[in-house]
J.: 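I'd like to ask you about the structure that follows.
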Amino acid sequence: MDDLPFQQLQLPVGEQNYAPLVQQYSSQYGLDPDFMSKQIEVESHWNPNVTSGKASGITQFEPATARQYGVSVADPESGIRGQHHYMSDL
């Protein structure tokens, strides 16, 4: 499996579901899609229902930051868009 090009590797189910959004928003915000995918993997393991302390959702926004970036933490696309917006502001 190590000899397969990246596009042919089997992605985790969550990443398969959301990879097109990561690609779209990475392009829109000028960010590296591999880095953004790894960040989601670390934050939530691609689980849109995860919570940790005050943070929740696929990209683990806390309530104040979610409000600031217009993120609905229950909506994975909103979280992924917000994640890209937030990271582009850093």
J.: Calculate, to the nearest 0.5 Å, the distance between atoms CD and CD belonging to Gln28 and Gln23 respectively.
T.: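 Taking CD in Gln28 and CD in Gln23, the distance rounds to 13.0 Å.
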J.: Taking only residues two or more places apart in sequence or in another chain, which ones pass side-chain contact (heavy atoms from CB on, under 4.5 Å) with Asp32?
T.: Asp34, Phe35
J.: Linking I/L/V/M/F/W/Y whenever their side-chain heavy atoms sit closer than 4.5 Å, directly or via other members, would Met36 and Val50 fall into one cluster?
T.: no
J.: Write down the atom of Tyr29, the atom of Ser88, and the distance for their closest heavy-atom approach.
T.: CD2-OG, 3.4 Å
J.: Can you sort out the partners of Tyr86 under ring-ring contact (aromatic ring centres under 6.0 Å, His included), two or more places apart, ordered by chain and number?
T.: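 For Tyr86, the residues satisfying ring-ring contact (aromatic ring centres under 6.0 Å, His included) (neighbours in sequence not counted) are Tyr69.
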J.: Using only atom types and a distance under 3.5 Å, with no angle test, would you say the side chain of Arg81 pairs donor to acceptor with the backbone of Gly70?
T.: yes
J.: May I ask you to check whether Tyr18 and Glu77 show a side-chain donor-acceptor distance below 3.5 Å?
T.: no
J.: Before you tell me yes or no, could you show the steps for Val22 and His84 under side-chain contact (heavy atoms from CB on, under 4.5 Å), namely the whole-Å CA-CA distance, both residues' side-chain angles and the distance that decides it to 0.1 Å?
T.: CA-CA 8 Å; Val22 172; His84 285 74; 4.2 Å; yes
J.: Measure across Ala74 and Pro76 and return the closest heavy-atom pair with its distance rounded to 0.1 Å.
T.: O-CD, 3.5 Å
J.: Look at the side-chain heavy atoms of Ile, Leu, Val, Met, Phe, Trp and Tyr, link any pair under 4.5 Å apart, and say whether Ile40 and Met87 land in one connected group.
T.: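 Yes, same cluster.
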J.: Ser72 side chain to Ser78 main-chain N or O, any donor-acceptor pair under 3.5 Å?
T.: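 Not at all, since once roles are kept as given, no pair shorter than 3.5 Å links the two residues.
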J.: Give the table of side-chain donor-acceptor pairs shorter than 3.5 Å for residues 51-58, with sequence neighbours excluded, one pair per line with atom names and distance.
T.:
none

J.: Quick one, Ile80 and Gln83 - any side-chain contact, counting heavy atoms below 4.5 Å?
T.: yes
J.: Identify the two heavy atoms, one from Ser26 and one from Pro33, that lie closest to each other, and give their separation to 0.1 Å.
T.: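 Closest heavy-atom pair between Ser26 and Pro33: OG-CA, 3.3 Å.
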